[in-house]
Amino acid sequence: MKVLVIGNGGREHALAWKLRQSSRVSQVFIAPGNAGTAEEGENINIQANDIAGLIKFAQNNQIGLTVVGPEGPLVDGVVDAFQAAKLRVFGPSRAAAQLEGSKIFCKEMLRHADVPSADFHVFKNPETAQRFILDRYPSEDETVPVVVKADGLAAGKGVIVCNRRRDALDAIDRIARKREFGDAGKQFIIEDRLDGQEASILAFTDGRTIVMLPPAQDHKRAHDGDTGPNTGGMGAYCPAPVVDDRMMGWIEEHILVPTVHAMKRSRQPFKGVLYAGIMLTNQGPKVLEYNVRLGDPECQPLLMRLKTDIVDLIEATIDGRLEELGQLQWDPRHAVCVVMASEGYPGSYEKGRIIRGLNEAAAIPDVKVFHAGTDIVNGNVVNTGGRVLGVTALGNTLSAAKLQAYTAVKCIRWPGAWCRKDISDKALLPPKEDVRRDKPRR
Ligand code: AMP
Ligand code: GLY
């Protein structure tokens, strides 16, 4: 079977790499792909948002399965369009993708399904929202623990975590008056700020059955010790011991099951990968957000460890047969992914710098270098994006995996290349307080 992967990041390189290993796959195409995906299959010069172009390509090339990487095309209805053209495609429908496409939709669904999440208020008008903040926090000096979020997709940037009153007033101004995130800021929410460690809990679901993946952790801040500006994610590892088996069971029962049921009841069944961004608070795990696709960079360590044929997993999800699939098989080792980024990221950065040492890094055992913002220019691999590579390694212990990943990182160089040095160190933090035991079971 010929397979098409839509997207051009590290997640899509990992997907193409994994799909290629399936005995059922004869050829992998990636639209538009990057320098790394070109080694797993054939890059096609069609952008991820060109739905008509993608359908035409799939029809003309007998594509048996299309796997959608990023959220943009999902929210735009790529899955509905492929299905209307009688093409087999993996991902949620446009209606179900609203879980990520509209934070208001997501929060209202969570409230309705009684899933633990921060309290929130919806606004359209910046004056009303600022009045709300001033009424609730009359003193300028008190802590204002709120988060202001643009409703729509904003490439991970439409969320502003506040501490002081002026931060909140300024966030409202940026989202709703200055429209820094465009139409995503037409509506917005103000929600309570939660504190704790974050975990990424991903699951495949066919709309009824849920197959949980092992817990992972991302590193969203640019600098070591979780400081500096937010990024798309500077590294990830899996499994994350901060979520033990008992807590995974709790999260499945109290978060994923009610969500999947609520979506089904509202006739918008969710089929695909559901990714819960969870905050492990003192009152137990709470949902920060849902994503409707694999996480990037969580996908890289997860797929490094997955031993089950990914085509079987994807097809069982599409066909509503997850119940019959049986347990997923995992490499028992730990996986760590270190993102190497361009100088200046997450701000502006220079492109076109030649990347050297990729072959040396690839020669290190149990290492895979996944590409994100790369391209081939005059036969050289160059950087084209902020997040450039996801250097991923397996190890018998987490520290062995970390060491192996950083050994590979040291081989790779280009002017301005940098990475965080502490990916996976969070696993060594003291455990958080346990989850609530007194909550009634459903
Ligand atoms: P999102 O774009 O919704 O994924 O949010 C991005 C990041 O903002 C999350 O990974 C958290 O670090 C942070 N965040 C979102 N909501 C909250 C909240 N209610 N409290 C604290 N941090 C939050
Ligand atoms: N790792 C965060 C995301 O994929 O949105």
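Counting starts at 1 for both ligands and their atoms, following the listed order.
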Considering non-hydrogen atoms of the protein only, which is the closest contact for atom 13 (C) of ligand 1, and what is the distance?
Val161 CG2, 4.0 Å
Just wondering, do Thr66 and Val78 contact through their side chains at under 4.5 Å, heavy atoms?
no
If you measure from each non-hydrogen atom of Arg193 to ligand 1, which part falls under 4.0 Å: side chain, backbone, both or neither?
both
Please tell me whether Ser22 and Asp309 have a donor and an acceptor in their side chains that are separated by less than 3.5 angstrom.
yes
Flag side-chain contact, heavy atom, 4.5 Å: Tyr290 against Phe105:
no
Close approach of Gly295 to ligand 2, heavy atoms, under 4.0 angstrom
yes
Heavy-atom distances under 4.0 Å decide this one: backbone, side chain, both or neither, for Asp192 against ligand 1?
backbone
Derivation and outcome, salt bridge (Lys or Arg N to Asp or Glu O under 4.0 Å), residues Asp226 and Arg420
CA-CA 10 Å; Asp226 287 338; Arg420 271 179 67 158; 3.0 Å; yes
Which of the atoms in ligand 2, numbered in the order shown and given with their element, are less than 4.0 Å from a heavy-atom of Tyr275?
1 (N), 2 (C), 3 (C), 4 (O)
Under 4.0 Å from one or more heavy atoms of Lys103, ligand 1 contributes atoms 2 (O), 3 (O)
Inter-residue atom distance Asn291.CG - Glu298.CD, 0.5 Å rounding:
8.5 Å
Sub-3.5 Å N/O-N/O distance, Asp218 and ligand 2:
yes
Side chain to side chain donor-acceptor pair (under 3.5 Å) evaluation trace for Ser342 with Asn383:
CA-CA 7 Å; Ser342 301; Asn383 73 321; 2.9 Å; yes
Parallel under 30°, tilted from 30 to 60°, perpendicular over 60°: which one fits the rings of His371 and His13?
perpendicular
Taking only heavy atoms of Lys149, which atoms of ligand 1 are found under 4.0 Å from at least one of them?
3 (O), 15 (C), 16 (N)
Side-chain donor-acceptor pair present, Gln300, Thr392, cut-off under 3.5 Å
no
Parallel, tilted or perpendicular, judged at 30° and 60°: which one describes the rings of Trp17 and Phe370?
perpendicular
Protein heavy-atom partner closest to atom 22 (N) of ligand 1 - residue, atom, separation in Å
Met279 CE, 3.9 Å
Have a look at ligand 2 and work out which part of Asn291, if any, has a heavy atom under 4.0 Å from it: side chain, backbone, both or neither.
side chain
Test item: Asn125 side-chain N/O and Thr128 main-chain N/O as donor-acceptor pair under 3.5 Å
yes
Closest non-hydrogen protein atom to atom 20 (N) of ligand 1, residue and atom name please, with distance?
Leu194 N, 2.8 Å
Side chain, backbone, both or neither: which applies to Arg293 and ligand 2 if a contact is any heavy-atom pair less than 4.0 Å apart?
side chain
Under a 4.0 angstrom heavy-atom cut-off, which atoms of ligand 1 come close to Lys220?
10 (O)
Winner among Val159, Ile160, Asn291 once heavy atoms are compared against atom 6 (C) of ligand 1
Val159
At what distance is the nearest protein heavy atom to atom 3 (O) of ligand 1, and which residue and atom is it?
Glu289 OE1, 3.1 Å
Nearest to atom 10 (O) of ligand 1, what protein heavy atom do you find, and at what distance?
Glu198 OE1, 2.7 Å
I want to check something: taking the side chain as every heavy atom from C-beta on, are Phe120 and Glu108 in contact at a cut-off of under 4.5 Å?
yes
Can you report which non-hydrogen protein atom sits closest to atom 19 (N) of ligand 1, along with the distance?
Glu191 OE2, 2.6 Å
Starting from atom 17 (C) of ligand 1, locate the nearest protein heavy atom and write down its residue, its atom name and how far away it is, to 0.1 Å.
Leu288 CD2, 3.4 Å
Min N/O separation Asn230 to ligand 1 under 3.5 Å
no
OH (Tyr237) and CD (Gln217) are apart, to the nearest 0.5 Å, by 3.5 Å
Location of contacts on Glu298 toward ligand 2, heavy atoms closer than 4.0 Å
side chain
